Structures are given as C-alpha cells and as structure tokens.
Student: 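Here it is, the structure in full.
In this chain, residues are counted from 1 in sequence order. Bear in mind the structure is a predicted one, so any value in this text is a computation, not a measurement.
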Amino acid sequence: MRCAVCGTRLVKKFGLINAWHFAAVPGQAPCDHESETVEHREAKLALFEALRRVLHEGWSVLLEERLPDANRRPDVLAVHASGLRVAFEVQYADLPEEEWRARREDYEAAGVRDYWLLGHLRQEKERDALADLLATEEGQRVAYVGRWEDATPDEAGVRVEEPLFLDPDGPGLLPPGAAARGRHHDPVRWAGYSLDAFSLSEEGVLTTPANALRERLERKRLEEERRRARREEAARKAREIDAESRERRRKWAAEKKAEERRAWLSSPERARALSLLGKRRLAALEEEGGLDRNIYAPPGRWKTELFLACVHGRKSGTVFDWFGAAGGVLRRYRHSNLESWAWKALWAFLDGLEREGLVEFHEPDVRGKRRYWRTTSEETLARRRRDLAQRQQEEERRLERARQEADEMSVLEAKWEKNRLRRLERERWEAERLRAWSLPEDDPYREAGMDRAERALSWLSSSERGEILKLLGEGKMVLLEREHPDDRAILTHPGEWKSVVFLLFVRGKAGQTFAGSDVASEVGEHYPEAPEGSTAPATSDRAVRSFLLALCRAGLLRDVGSGRYEVTS
C-alpha cells in the first residue's frame with residue numbers, strides 16, 4: 001500500500017486498541033499532506049475541475065499550491081496573467097475565529113484575494129460561528145458546497161447552495177458580506193447552482209447566479225413597491241375627492257339650514273308663536289338637540305307646530321294621538337330614514353315635554369304601542385306640586401342637618417385641637433422634668449428644675465388657670481404662657497406668674513404707669529427663684545424685664561424711661 005499523495009510505502013495497523021488504519025513505514029520522509037475528510041477532498045477537487053473549465057483568457061488554476069510569501073497553501077488557487085491571485089478555501093472542520101483571521105491577514109499581506117466555501121455538512125448546524133464571520137465580513141459569501149444526499153439525478157455531483165438575506169434595516173436584500181448580523185440562519189431565498197456557474201472578473205471579483213437572483217428579487221420588490229405606491233396614491237386621491245364631495249355637501253346643507261333658519265326667524269308663523277308662547281318657551285323649542293339634526297328643518301318650526309297642535313291651549317287631561325301628529329311632521333319636512341332616527345328625534349322631544357310635566361302617557365292602542373297621550377291632568381299636577389313641595393322640605397331639612405353637623409364638627413375640631421395642644425404642653429413639661437432629673441446630683445438646678453416642672457404640671461390642670469382663661473381669652477393666654485429662656489429663673493409655669501402680673505398691673509389700668517421694680521418685687525415675694533450657680537439665670541429680674549419687653553412689643557405697654565411703663569391698652 002502506498003500514500004496516494006506522496007507515494008510513501010504504508011503498513012497496516014489492525015490492533016485491538018486503536019481504530020484500524022494505515023501508517024507510513026518508519027524512517028521515510030514525512031508526508032506534508034494534512035488529514036482531510038472524503039467530503040472535503042471531493043469538494044476541493046470538484047472546485048478545481050470546475051474552475052479549470054470556466055476560467056479562460058489568462059487564468060490558470062492550481063491545486064494546493066503553496067504560497068511562499070503568505071506561508072499558506074490554499075485548496076485551489078487561481079492565477080491571472082496580470083499577477084492577480086485568488087485563493088479558494090473549502091472549510092468542513094470547525095475553525096476558531098483567531099485562526100481564520102490569521103489566514104485572512106496572511107492572504108491580505110501577500111496581495112491574495114480569498115473566498116471561503118463552507119462544507120455542506122455545516123448547513124444543518126443550529127449556530128455556526130464561521131458562517132456568522134463570513135456574513136459580516138466585507139466581500140465574503142455564505143455559500144455551502146458539497147454533494148447533498150437528497151439531490152435529484154439532474155443535481156448529481158458537487159453543487160453550491162447560497163442563502164439570500166433580508167436587510168434588517170431596510171426593505172431590500174443584503175449584498176454579500178454587508179453586515180448580515182448573524183441572520184444567515186433566516187434566509188429569504190436559497191440560490192442553488194453548480195460550480196460551473198462561478199465567474200471571476202479580471203479584478204478577482206467572484207460572481208454567481210445568486211447575484212442575478214438577488215437582482216431579480218430586488219427588481220420584483222421595487223416593482224411591487226411602485227405598484228403599492230400607485231395604489232396608495234390612487235386611494236389617497238379618491239379619499240380627497242370623497243372628502244371634497246362630503247365637504248361640498250356639508251357646506252350646502254349648512255347654507256340650506258341657515259337659509260331655512262333665517263326664513264323661520266322672519267316668518268309670520270314664528271311671530272304668531274312668539275305672541276302665544278312668549279320668549280322663554282319659544283327659545284326652549286328653538287334649541288337644537290343632538291337628534292334634531294335628523295329632521296332637515298329648523299327645530300323651532302316643527303317643535304312649535306307640534307306644541308301648538310298637542311299641548312298649548314288644551315285643557316288638562318285632553319287626549320291626543322301622538323303618532324298622527326308626529327307622522328304629519330314627517331310628511332311635511334324632509335328627514336333621515338337611517339334607522340328611524342327622525343322618529344327618535346320626535347320621541348326625544350316628547351320625553352322632554354314629559355319631564356317638564358306638560359304631557360303624560362294615557363293608554364296604548366291595540367298594537368301595544370305608546371300611542372295616545374294627554375295633557376297633564378289636574379290630579380297629576382296636584383300630585384306633582386305635592387311631590388315638589390315635599391322634596392323642597394326634605395332638601396331644606398337636609399341642608400339644616402348638614403349645617404348643624406358642620407357646626408358640631410367645627411366645635412369638635414376646635415376641642416380636639418385644644419386637647420392636642422394641652423397634651424403637647426404636658427408632654428413638654430414632663431420631658432423638662434426628666435431632663436432636670438438626669439442632671440448630676442451636685443447640680444444646683446437638679447431639684448429646682450424638677451420642682452419647677454411639677455408646679456407647671458399642676459398649673460396646667462388647675463381651676464385657677466381655667467378661671468383666668470375665661471377672663472382673658474385664648475389670645476391673651478397664649479401670650480402669657482409663651483416661655484422665654486429667661487423664665488427658667490422662676491420655679492413655676494410662666495403662665496402662672498405672668499397672668500398674676502398682667503391682672504395686677506395691666507388689665508383695666510389703661511393710662512396708668514408702674515415701676516418694673518414693683519413687678520420684680522411682687523414676683524420675688526410669691527415665687528421661688530433658681531439657686532445661684534445653676535444652669536438657669538441667677539435672679540428673676542431678667543425674666544421680669546423680658547416679659548415687660550414682650551408686652552411692649554405686643555402694644556400693651558410703653559416704656560416711658562427710668563424703669564417705668566405705661567399701660568396703653
């Protein structure tokens with residue numbers, strides 16, 4: 001046995017461990033032929049033979065010719081007399097992207113154009129990385145070459161199948177290598193042809209029947225787009241003509257309606273109706289409703305006619321035939337026949353008269369329709385007057401209850417707010433007591449602060465405060481109970497000693513003057529001071545002066561100098 005490529009003598013290896021095979025006799029020169037499958041070799045040889053048949057005029061075709069300047073050996077090499085070289089690679093096995101790009105760079109550096117054909121067995125792959133690379137590489141085709149098992153007798157031999165891709169960013173087809181973005185698994189068409197259909201230009205550009213099919217499909221698509229554009233343009237013109245026609249009819253109808261309205265406004269029939277019905281009733285009859293447009297006459301004309309014929313001037317309880325009266329209107333005036341909308345306009349007018357209490361249903365005819373009506377009877381009018389009076393009384397009682405509930409709610413809300421503020425005040429003084437208790441035991445203000453908080457809590461719930469509140473009012477009490485930082489020098493609630501000072505020196509003393517020292521003496525005599533050396537001010541004089549200045553700012557006192565104050569209000 002000898003190698004079919006290099007002629008090296010072979011020996012058989014039919015062992016029990018490895019697959020049976022032939023190997024070169026040791027010591028002979030190695031064969032530089034790479035291992036390849038039968039399918040790969042068959043496709044390569046078929047491509048070589050086909051290019052030899054179809055390429056003429058200066059082209060020569062070589063099989064596995066090594067390129068020294070590229071350090072590569074393509075499967076098939078086509079060389080033009082001008083020196084242009086075109087390499088064809090048939091790839092059945094998986095090829096990493098790095099290796100594929102390395103081969104392409106070597107070909108490009110040597111000035112060789114390269115085309116890659118995928119083995120037909122790769123066509124069944126769900127995802128093919130090499131096909132994705134070819135689909136996004138400029139000038140490359142995604143073409144599968146090989147012998148298919150399902151080929152017909154006419155297609156026997158090696159042939160090519162090339163997919164055509166849709167452009168994801170446009171309505172047409174993508175040319176080869178125009179960034180198909182991996183859409184080669186979703187072709188819109190397949191172009192099948194033999195290797196004899198290959199054609200190479202003098203510039204080395206490969207042309208296949210897929211180019212003609214792509215151009216034919218593109219022409220068909222463009223023609224379809226033109227036909228669709230012509231249809232859309234014709235439909236648009238038809239819509240414009242129809243819209244213009246409708247607009248003309250609408251304008252004619254509006255002008256006709258306006259003319260009829262002007263004729264009605266100046267007609268003797270309207271003047272007679274105005275003298276009989278008055279402005280208010282006639283204005284209500286002339287008001288146009290949504291359904292009134294289905295009778296092509298001014299609403300005031302046919303409504304006045306019906307009202308005068310059936311309602312006005314008739315005694316209470318007078319029966320009339322509504323079908324007869326309404327049918328006479330439809331016989332005299334043009335109207336719409338669409339789904340009896342003109343009758344709906346008449347029934348809407350009758351319903352309005354019924355809501356106003358002018359007519360009421362009397363009895364049906366033998367066919368069971370609401371045909372006979374009558375003007376409102378005295379009994380119905382009396383009942384409606386009683387119902388109206390009862391509804392008015394109920395509404396007055398409801399409004400009175402609502403006012404009472406609102407008053408009660410306002411009182412409750414005021415009480416809730418007052419209780420909330422009182423609760424917050426108590427919580428503040430309880431927190432003040434806790435702060436004083438948390439002071440060090442050697443702090444002079446520790447016991448004094450707790451005593452001050454206790455007296456403040458007692459003042460908030462005392463009856464004395466309640467009496468002063470009734471006497472002075474909420475506004476004055478808020479002013480007196482407002483705490484100043486200097487008030488910590490007096491060991492009680494600010495409102496307690498300030499209300500006493502206000503009653504003794506200010507209330508009812510308009511125009512009188514007093515000395516600030518008298519106020520300080522009064523406060524110092526009845527209320528204890530914080531001990532010296534504590535965190536509070538040393539004396540109560542500063543707290544008294546701050547209070548008198550607050551009354552001056554409120555406009556109740558005026559500082560006249562020399563420590564004296566005049567009551568202004």
Student: Under 3.5 Å, is there a donor-acceptor pair between the side chain of R482 and the main chain of A550?
Tutor: no
Student: Go through R141 and N211 one step at a time and tell me if the side chain to side chain donor-acceptor pair (under 3.5 Å) criterion holds.
Tutor: CA-CA 11 Å; R141 297 174 180 269; N211 297 74; 2.7 Å; yes
Student: Heavy atoms only: give me the nearest E378-S316 pair and the separation to one decimal.
Tutor: OE2-OG, 3.2 Å
Student: Tell me every residue that passes side-chain hydrogen bond (donor to acceptor under 3.5 Å, both in side chains) with W264, counting only those two or more places apart in sequence or in another chain.
Tutor: E286
Student: Looking at every non-hydrogen atom in both residues, tell me the closest pair between V142 and E162 and how far apart they are.
Tutor: O-CG, 3.6 Å
Student: Taking side chain as C-beta onward, heavy atoms only, is E161 less than 4.5 Å from H120?
Tutor: no
Student: Determine, step by step, whether E247 and R250 satisfy the salt bridge (charged side-chain N to carboxylate O under 4.0 Å, His left out) criterion, reporting the C-alpha distance in whole Å, the side-chain angles of both residues, the deciding distance to 0.1 Å, and the verdict.
Tutor: CA-CA 5 Å; E247 182 65 17; R250 187 192 64 78; 2.5 Å; yes
Student: When you check the gap from the basic side-chain N to the acidic O, do E223 and R226 get nearer than 4.0 Å?
Tutor: yes
Student: Taking the inter-plane angle between the rings of W429 and H493 on a 0 to 90° scale, is it parallel (under 30°), tilted (30 to 60°) or perpendicular (over 60°)?
Tutor: tilted
Student: Apply the test salt bridge (charged side-chain N to carboxylate O under 4.0 Å, His left out) to residues E225 and R230: give CA-CA distance (whole Å), side-chain angles for both, the deciding distance (0.1 Å), then the verdict.
Tutor: CA-CA 9 Å; E225 286 185 357; R230 288 194 294 269; over 6 Å; no
Student: Show, in sequence, the C-alpha distance, side-chain angles and deciding distance for E379 and R383, and conclude whether the salt bridge (charged side-chain N to carboxylate O under 4.0 Å, His left out) test is met.
Tutor: CA-CA 6 Å; E379 296 81 4; R383 185 176 68 255; over 6 Å; no
Student: Using side-chain contact (heavy atoms from CB on, under 4.5 Å), reason through D114 and W116 one step at a time and then give a plain yes or no.
Tutor: CA-CA 7 Å; D114 59 325; W116 294 72; 2.9 Å; yes
Student: With a 4.0 Å cut-off, would you call R104 and E89 a salt bridge?
Tutor: no
Student: Please name the pair of heavy atoms, one in V319 and one in R374, separated by the smallest distance, quoted to 0.1 Å.
Tutor: CA-CB, 3.8 Å
Student: I'd like to know if E396 and R401 make a salt bridge, using a cut-off of under 4.0 Å between side-chain N and carboxylate O.
Tutor: no
Student: Heavy-atom count around E269 CD within 6.0 Å, excluding the residue itself: above 12?
Tutor: yes
Student: Between F361 and W373, is the gap from one ring center to the other below 6.0 Å?
Tutor: yes
Student: For the residue pair Y144 and W190, does the interplanar ring angle fall in the parallel (under 30°), tilted (30 to 60°) or perpendicular (over 60°) class?
Tutor: tilted
Student: When rounded to the nearest 0.5 angstrom, what is the spacing between CZ in R262 and OG in S267?
Tutor: 13.5 Å
Student: Can you tell me how far CD of E405 sits from CG of L412, rounded to the nearest 0.5 angstrom?
Tutor: 11.5 Å
Student: Quick check on side chain to side chain contact (heavy atoms under 4.5 Å, CB included): which of L134, V145, L130, L117 does Q91 satisfy it with?
Tutor: L130
Student: State, yes or no, whether a side-chain contact exists between S499 and R465 at a heavy-atom distance under 4.5 Å.
Tutor: no
Student: Would you say CZ of R270 has more than 12 non-hydrogen atoms from neighbouring residues, nucleotides or ligands within 6.0 angstrom?
Tutor: yes
Student: Looking at E394 and R391, does any basic side-chain N land under 4.0 Å from a carboxylate oxygen?
Tutor: no
Student: Can you tell me how far CG of L557 sits from SG of C552, rounded to the nearest 0.5 angstrom?
Tutor: 5.0 Å
Student: Nearest heavy-atom pair of W302 and A345: which atoms, and what distance?
Tutor: CH2-O, 4.2 Å
Student: Using a strict 4.0 Å threshold on nitrogen-to-oxygen distance, state whether E260 and K257 make a salt bridge.
Tutor: no
Student: With a 4.0 Å cut-off on N to O distance, would you call E413 and R420 a salt bridge?
Tutor: no
Student: Can you find a pair of side-chain heavy atoms, one from L306 and one from L346, that are under 4.5 Å apart?
Tutor: yes
Student: Does D196 come within less than 4.0 Å of R159, counting only side-chain N to carboxylate O?
Tutor: no
Student: Is W459 close to L457 at the side-chain level, that is, under 4.5 Å between some pair of heavy atoms?
Tutor: no
Student: Tell me, please, which residues at least two apart from Y115 pass ring-ring contact (aromatic ring centres under 6.0 Å, His included).
Tutor: F88
Student: Determine whether K125 and D94 make a side-chain contact, defined as any pair of heavy atoms from C-beta on separated by less than 4.5 Å.
Tutor: yes
Student: If you define the side chain from C-beta out and look only at heavy atoms, does anything of T375 sit under 4.5 Å from E360?
Tutor: no
Student: What pair of heavy atoms forms the shortest contact from A273 to T304, and how long is it?
Tutor: CB-CG2, 3.4 Å
Student: Begin from the C-alpha positions of V54 and L195 and carry the test side-chain contact (heavy atoms from CB on, under 4.5 Å) through to its verdict.
Tutor: CA-CA 9 Å; V54 300; L195 290 170; over 6 Å; no
Student: Tell me, please, which residues at least two apart from Q393 pass side-chain hydrogen bond (donor to acceptor under 3.5 Å, both in side chains).
Tutor: none
Student: My understanding is that only residues two or more places apart in sequence, or in another chain, count here; which of them pass side-chain hydrogen bond (donor to acceptor under 3.5 Å, both in side chains) with E356?
Tutor: R281
Student: Just verifying a value: how many Å separate L282 CG and E287 CD, rounded to the nearest 0.5 Å?
Tutor: 12.0 Å
Student: Check step by step if side-chain contact (heavy atoms from CB on, under 4.5 Å) holds for L471 and K476.
Tutor: CA-CA 10 Å; L471 186 64; K476 289 288 193 303; over 6 Å; no
Student: Charged N to carboxylate O below 4.0 Å: is that the case for R428 and E425?
Tutor: yes
Student: Could you tell me if the side chain of Q123 sits less than 4.5 Å from the side chain of D128, heavy atoms only?
Tutor: no
Student: Can you tell me if R227 uses its side chain to pair, donor with acceptor, with the backbone of L222 under 3.5 Å?
Tutor: no
Student: Not counting sequence neighbours, which residues clear side-chain hydrogen bond (donor to acceptor under 3.5 Å, both in side chains) with W343? List them please.
Tutor: none
Student: Are there more than 12 heavy atoms of other residues, nucleotides or ligands under 6.0 Å from atom CD of E202?
Tutor: no
Student: What distance separates L353 CG from F307 CZ, expressed to the nearest 0.5 Å?
Tutor: 6.5 Å
Student: Between CG of D559 and CG of L548, what distance do you get to the nearest 0.5 Å?
Tutor: 9.0 Å
Student: Looking at every non-hydrogen atom in both residues, tell me the closest pair between V160 and A143 and how far apart they are.
Tutor: CG1-CB, 3.9 Å
Student: Using a strict 4.0 Å threshold on nitrogen-to-oxygen distance, state whether R236 and E240 make a salt bridge.
Tutor: yes
Student: Got L274 and K279 here, is their nearest side-chain heavy-atom distance under 4.5 Å?
Tutor: yes
Student: Just to verify, what does H362 make a ring-ring contact (aromatic ring centres under 6.0 Å, His included) with, not counting sequence neighbours?
Tutor: none
Student: Quick one: do R384 and T380 satisfy side chain to side chain donor-acceptor pair (under 3.5 Å)? Show the steps, please.
Tutor: CA-CA 6 Å; R384 289 182 176 176; T380 304; 6.0 Å; no
Student: Give a yes or no on whether a salt bridge exists between K498 and E481, defined as a side-chain N under 4.0 angstrom from a carboxylate O.
Tutor: no
